[in-house]
Number of protein chains: 2
Amino acid sequence: MATGRTHRPATRSRGIPEATVARLPLYLRALTALSERSVPTVSSEELAAAAGVNSAKLRKDFSYLGSYGTRGVGYDVEYLVYQISRELGLTQDWPVVIVGIGNLGAALANYGGFASRGFRVAALIDADPAMAGKPVAGLPVRHTDELESIISDNGVSIGVIATPAGAAQQVCDRLVAAGVTSILNFAPTVLVVPDGVDVRKVDLSIELQILAFHEQRKAGEETAEGAAAATPRPGAAAAPAAAGGRKGPDGDVPAVMPA
Amino acid sequence: MATGRTHRPATRSRGIPEATVARLPLYLRALTALSERSVPTVSSEELAAAAGVNSAKLRKDFSYLGSYGTRGVGYDVEYLVYQISRELGLTQDWPVVIVGIGNLGAALANYGGFASRGFRVAALIDADPAMAGKPVAGLPVRHTDELESIISDNGVSIGVIATPAGAAQQVCDRLVAAGVTSILNFAPTVLVVPDGVDVRKVDLSIELQILAFHEQRKAGEETAEGAAAATPRPGAAAAPAAAGGRKGPDGDVPAVMPA
DNA sequence: CCATCTTTGTGCACGCGTTCACAAAGGCAT
DNA sequence: ATGCCTTTGTGAACGCGTGCACAAAGATGG
C-alpha cells in the first residue's frame, strides 16, 4: 500500500481522467487519418471537429498529457500521434485471446481493427471439440483445454469473451486464474472479477434498448401520451400486473398486458 | 415550463437521467432471470448485487420511475419487469434494419439478443450485388437500392450500421433521409447527423485501447517507469519527434522512436 | 525589433451523477 | 392492537466532467 488507494484506484490513473482516456482513441484515429494525408499540423478546432467533440474539451484532454502543441499554430500531427500512442500503451504489442468462436467471435477474429494498432490475436479458443483445428481468420481454433497454457505461453493479459451468457463467468474465472487482467466482455452477463482486473462490456441488446427508450420518447412527444397514463397507479403494489399466468416461459420478454 | 429545451432535449428525458436509462436494461435482465426462477419479490440489495451496481443507486434509479416497491419487503419482480419494459418502450415492436452484412453484420443478424425483447430484424441490407438474395439468419439479403423502400414500407426507425468505415456516413445519410431516427453504429467513424437523430456507437478498437491503457498502467506501477521519463521534455515542440522520415506509411501505428 | 494576430492552456463556474445516511412506511410476530 | 424490524425513498453533500472565456505564448509580417 505504498499508494494511499483503498481499493478503487481505477478512477483516475496517473492524473488522467477516465473520460479523457476514453476519448484518446478517438483523437488518435482522427490524427492517423490526417497523418496519412500528410497534414503537418492541426488546430484544436479542426481536430475537435474531426473527432466530434468540443474544442475546449480536446485542449483540456491534451493538457493532461502535457504541453504538446504550439500556440498560434496548433499541434504537430506526427508528434501527437506518437504521444497518444505511447500514453495508450500502443507502442507495445498486446497479444489477445478470443474465447467463443461463434458468429460473433469469428467476426471479431476477422475484424481489422484488432490487427492494427498493436493488438495481435494470439489464439482463438472454443469449447466445441468439433471446432478445434478449423481455421478461422487464418488461425486454427484451439480447444478450451489449452486455455491456460496458451495464455501463459504467450503472455496474454487481455481476453475477449464472446461465448454464450451461460459460459461467460466460467471462462472469465479461468482467464483470470491464468493471468489475464483485462477483459472485454460481449456476453450479456455481469462478470464478477477480483480487484485489479478490468472489465469492459459491450452489450448490443442494451444499446438497442437505450435507443428504443429515446425513440419512444420522441414518438410520444408528438402524439398524445395519455393512453397508458404516466403514473398508472402503483397503489396496490401487491397486484403483480397480469403476469401471474405467464411467468417467463422461455427467456423472452414476459407477456405484457395491455392497459 | 412546458419544455424549456433550447436545442438539446436529449440530456434528461421526462426527468429520467440518461445514466439511469442506461442501467434500466441491466435491471431488466436481472429481473427477467429472477422471473424465470419464479422469485416473487426482490430487495434492492439483492437486485443491485445481481446487476452489479450499488443498492442506493438502484433505489434512486427506480425512484425516477415512480414508487414501485414495498417497504420492508422489496420489489415485486413481475410488476417491475413490466414497468421497466414499458418505460424502455419494449412493449411495442421495433423493426430494425442491419446494413452491411459482412462478418459482423451476419453475427448481429444471428444474435439472439435482437430477436428477443421487442426487436425484430426487418431486413438485412448489403451493397454487394453478389450477396443479394443469399439467406443470412433466415432472411434474404436485400440490395442497398431497396433501402429507402424497405424502411418506409416497414416503418423502420432504428438502423444498425455494420459497414466498413468508408461507407458508414453515406449509409447513415440515406437511413436518416428515409426516416430512421436512431442509429447503432459499429463502424469506426464519427457520424454526423441532424438534430433529433440519436446515434450510439460501439467501437471494439476503442474498447481495446482503453483496456491497453489500464493494462500498461498496471504493469508500469510495479516495474520502474523511469525508462521513458514521465515528462519527456516537450521543450522544443518544434521538433516533431523522429517521425520526420516515416509519416504514416500504411495507416499502421506510426514508427515509434526509442528515447 | 515591434505590433498584431492566431491559438493554446487553464481558472472558474455549473450541472450531473454518485453515495451516504436516515426518516418514513409497512409487514409481522406476539 | 402494538411494538419491532426490515427495507424503501430521498435530502444533502461531494466529486467528476463539461464548457466558457480569457490571459499567456508564440508565430508572422512589416
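To find a chain, count down the sequence lines: A is the first, B the second, and so on, and within it residues start at 1. Remember, predicted model here, so these are calculated numbers, not experimental data.
Residues passing the side-chain contact (heavy atoms from CB on, under 4.5 Å) test with B:Val180, sequence neighbours excluded: B:Ile151, B:Val156, B:Leu175, B:Ile183. Every residue meeting the salt bridge (charged side-chain N to carboxylate O under 4.0 Å, His left out) condition with A:Arg200, not counting sequence neighbours, appears here in chain and number order: B:Glu207. Residues passing the side-chain contact (heavy atoms from CB on, under 4.5 Å) test with A:Ala165, sequence neighbours excluded: A:Pro188, A:Thr189. Residues passing the ring pair (Phe, Tyr, Trp, His ring centres under 6.0 Å) test with A:Phe186: none are found, sequence neighbours excluded. Evaluation of the salt bridge (charged side-chain N to carboxylate O under 4.0 Å, His left out) rule for A:Arg23 yields A:Asp61 as partners, not counting sequence neighbours.
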Report all side-chain donor-acceptor pairs from residues 50-58 of chain A shorter than 3.5 Å, counting only partners two or more places apart or in another chain.
from: A:Asn54; atom 1: OD1; to: A:Ala56; atom 2: N; distance (Å): 2.7
from: A:Ser55; atom 1: OG; to: A:Glu45; atom 2: OE1; distance (Å): 3.4

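Heavy atoms of A:Tyr75 sit under 4.0 angstrom from primed sugar atoms or phosphate atoms, though from no base atom.
If you take CG of B:Asp76 and P of C:dG26, they are 16 Å apart, rounded to a whole angstrom. Nucleotide D:dG17 holds its P atom 16 Å from the CG atom of A:Leu58, rounded to whole Å. Taking atom CZ of B:Phe62 as the reference point, atom C1' of D:dT8 lies 12 Å away to the nearest angstrom.
Contacts classified as salt bridge (Lys or Arg N to Asp or Glu O under 4.0 Å) and involving residues 180-189 of chain B (residues at least two apart or in different chains) are not found.
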Margin query: What does the B/S/- profile of nucleotides 18-26 of chain D look like, 5' to 3', with a 4.0 Å heavy-atom cutoff to protein?
Written below: SBBB--BB-
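Using a 4.0 Å cut-off on heavy atoms, the residues of residues 40-49 of chain B that approach DNA chain D are B:Ser43, B:Ser44, listed by number.
Salt bridge annotation for B:Arg29-A:Asp203: present, with a cationic side-chain nitrogen under 4.0 angstrom from a carboxylate oxygen.
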